[in-house]
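The structure under discussion appears below in the form of structure tokens.
Every heavy atom of this structure was used, including side-chain atoms; hydrogens, water molecules and symmetry mates were not. A quick note: this is a predicted structure, and the numbers were derived from the prediction, not measured.
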Amino acid sequence: MENKIPGRLAWIGRLRMPALILLTALALWAGAKFVWAESDYVETTLIGVRFLVISAIGWAVTSLTDLAIKRRMGRLDIDVADNFQARKSATRLDVMRRVIIVVGAIATLACALVVVPWARQLGVSLLASAGIVGIAVGLAARPVLSNLIAGIQIAFTQPIRIEDAVVLENEWGWIEEIDLFYVVVRIWDRRRLIVPLTYFIEKPFQNWTRKSGTIIGAVYWWLDYRAPVAKMRDKLEEICKSTELWDGEVVNLQVSETDKMTIQVRALATASTSPRAWDLRCYIREQMINWLQAEHPEAFPRIRARAEVSDEPMNFAPPPKPSDIELGDQSLDGSELADSGAGEPKP
């Protein structure tokens, strides 16, 4: 996630549209007072002026608040190694910024509608629904707004944060963006997984960086029983010390499983982040295989068979030649003979 600090004059661009709306309201007010002061459209024009003024003020306040929060987010450095607090603050500020925009838009529209006589009841209803209790009770059951409530929960409880490494739906990636209604997960192969906010409240998932980025990587080999396990353990430490991917905390090698033909050897090593852990696992696997091929080729699995050869010739006797009776007990004309002899062939 890239945090760019808005320029010092960014507030001018934010106030451009509210200023145009205020100028329009000023022109309408001047027309109602001095141009068509005696016509029947004065009252309607003044209602429109009040509507535009309230809209411009609400727009300006919401936009400037959004700009201030973006400035604060831009000062957070989440590219450093120890970025836990920065990611925590960025997540909370980003979600709250989006919520403030929605609430500000609803409140502005409601206040503007109150000044319109025929839409006053609608404006009062919007003001009532803009309250926290009204949203939680009256609107949380709706799928879209339930995601909004989930976003507020995530902002305070923070089961996920910006750039957290997560595993969900059999995919591994990083939290790239937390929107009002969905979360964008950047998959390791640069795909994007779009997930509703309610997913992270209702379903289990893995967060590899909930407390810290350190993670243990595991490497497995299936080897022969003659594999030098003790020497492999020493070689593993040598391999880990030769690379900057290892953070120096955990390194271990054990025989984790056996069967009738092979053994399973497991190596454990830690890295500061999940991408470095993946690279470390691949590095350990390759270096250990190269070392076993060069120094201990007998360690690789093999199939054993035992063959016995005797010098004495084998006695082979052909089977006795079967008689005509044994071939089917059939008569010359093809009919079978009964055991009792009653079925003799006719002359």
Side-chain angles (χ1 to χ4, degrees), residues 1-5 69-70 72-99 147 149-220 240-241 243-252 266-285:
M1 179 181 178
E2 297 183 0
N3 285 338
K4 296 182 179 180
I5 302 177
I69 296 177
K70 281 190 173 182
R72 178 68 182 90
M73 292 176 58
R75 296 188 182 96
L76 299 174
D77 189 3
I78 63 175
D79 295 327
V80 298
D82 187 11
N83 60 359
F84 178 78
Q85 291 297 331
R87 291 189 295 109
K88 182 177 180 180
S89 300
T91 301
R92 183 168 296 168
L93 290 172
D94 192 40
V95 174
M96 293 308 299
R97 179 183 66 85
R98 299 175 189 274
V99 172
N147 280 305
I149 300 301
I152 297 175
Q153 290 179 299
I154 289 175
F156 288 97
T157 60
Q158 294 198 341
I160 56 173
R161 291 175 297 269
I162 300 296
E163 292 301 322
D164 265 350
V166 297
V167 178
L168 67 163
E169 300 295 325
N170 296 323
E171 297 285 0
W172 166 51
W174 296 267
I175 302 296
E176 183 177 47
E177 181 182 351
I178 302 178
D179 208 288
L180 273 178
F181 307 110
Y182 60 87
V183 175
V184 179
V185 181
R186 185 177 69 253
I187 307 301
W188 63 273
D189 56 0
R190 298 187 180 181
R191 291 177 293 141
R192 299 299 190 271
L193 183 65
I194 310 300
V195 185
L197 277 171
T198 53
Y199 182 96
F200 297 94
I201 302 297
E202 300 172 355
K203 295 184 180 181
F205 63 95
Q206 297 183 39
N207 188 337
W208 290 359
T209 53
R210 182 69 179 88
K211 294 297 183 182
S212 66
T214 303
I215 189 171
I216 298 178
V219 184
Y220 296 88
C240 290
K241 292 178 180 178
T243 176
E244 296 180 354
L245 298 173
W246 183 50
D247 62 0
E249 291 188 8
V250 175
V251 57
N252 189 17
R266 184 190 68 180
L268 300 178
T270 53
S272 58
T273 63
S274 53
R276 293 172 67 89
W278 172 264
D279 293 338
L280 178 62
R281 290 168 57 194
C282 295
Y283 180 77
I284 291 174
R285 187 181 296 111

Between [X] (side chain only) and [Y] (backbone N and O only), is there a donor and an acceptor less than 3.5 Å apart?
X      : Y      : result
Asp164 : Val166 : no
Ser272 : Asp247 : no
Arg161 : Arg210 : yes
Arg186 : Gly173 : no
Asn207 : Pro159 : yes

Worksheet item: Would you say Arg72 has more than 12 foreign heavy atoms packed within less than 6.0 Å of its CZ?
Response: no
Practice prompt. Mind checking ring pair (Phe, Tyr, Trp, His ring centres under 6.0 Å) for Phe205 and listing every partner two or more places apart, or none if nothing turns up?
Written response: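 Once residues adjacent in sequence are excluded, the partners of Phe205 under the ring pair (Phe, Tyr, Trp, His ring centres under 6.0 Å) criterion are Phe200.
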Between [atom1] of [X] and [atom2] of [Y], what distance do you get to the nearest 0.5 Å?
X      : Y      : atom1 : atom2 : value
Tyr182 : Leu197 : OH    : CG    : 10.0 Å
Thr273 : Glu163 : OG1   : CD    : 11.5 Å
Ser274 : Asp279 : OG    : CG    : 10.0 Å
Tyr283 : Arg276 : OH    : CZ    : 13.0 Å
Arg281 : Leu268 : CZ    : CG    : 10.5 Å
Gln153 : Thr198 : CD    : OG1   : 10.0 Å

Worksheet entry | side-chain contact (heavy atoms from CB on, under 4.5 Å) against Asn170, all qualifying residues, sequence neighbours excluded |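 Residues passing side-chain contact (heavy atoms from CB on, under 4.5 Å) with Asn170: none at all.
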Discussion item. Strictly below 4.0 Å, N to O, side chains only: are Glu177 and Arg192 in salt-bridge contact?
Written reply: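 Looking at Glu177 and Arg192, the cut-off is not met.
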Item to complete: Carefully, step by step, assess Thr270 and Ile215 under the rule side-chain contact (heavy atoms from CB on, under 4.5 Å).
Response: CA-CA 6 Å; Thr270 53; Ile215 189 171; over 6 Å; no
Check: [Y] and [X] side chains under 4.5 Å, non-hydrogen atoms:
X      : Y      : result
Ile175 : Val185 : yes
Trp208 : Trp172 : yes
Ile154 : Ile201 : yes

Fill in: Criterion side-chain contact (heavy atoms from CB on, under 4.5 Å) on Leu168 and Leu193, from CA distance to verdict
CA-CA 10 Å; Leu168 67 163; Leu193 183 65; 4.2 Å; yes
Worksheet item: Looking only at heavy atoms, which two atoms of Ala165 and Thr209 are closest? And how far apart?
Response: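 Looking at all heavy atoms of both residues, the closest pair is N-OG1, 3.0 Å.
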Worksheet item: So, for Trp246 and Val250, which heavy atoms are closest and what is the spacing to 0.1 Å?
Response: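 Nearest pair, atom of Trp246 first, then Val250: NE1-O, 2.9 Å.
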Item to complete: Kindly determine whether Trp174 and Glu176 satisfy side-chain hydrogen bond (donor to acceptor under 3.5 Å, both in side chains), including the steps that lead there.
Response: CA-CA 6 Å; Trp174 296 267; Glu176 183 177 47; over 6 Å; no
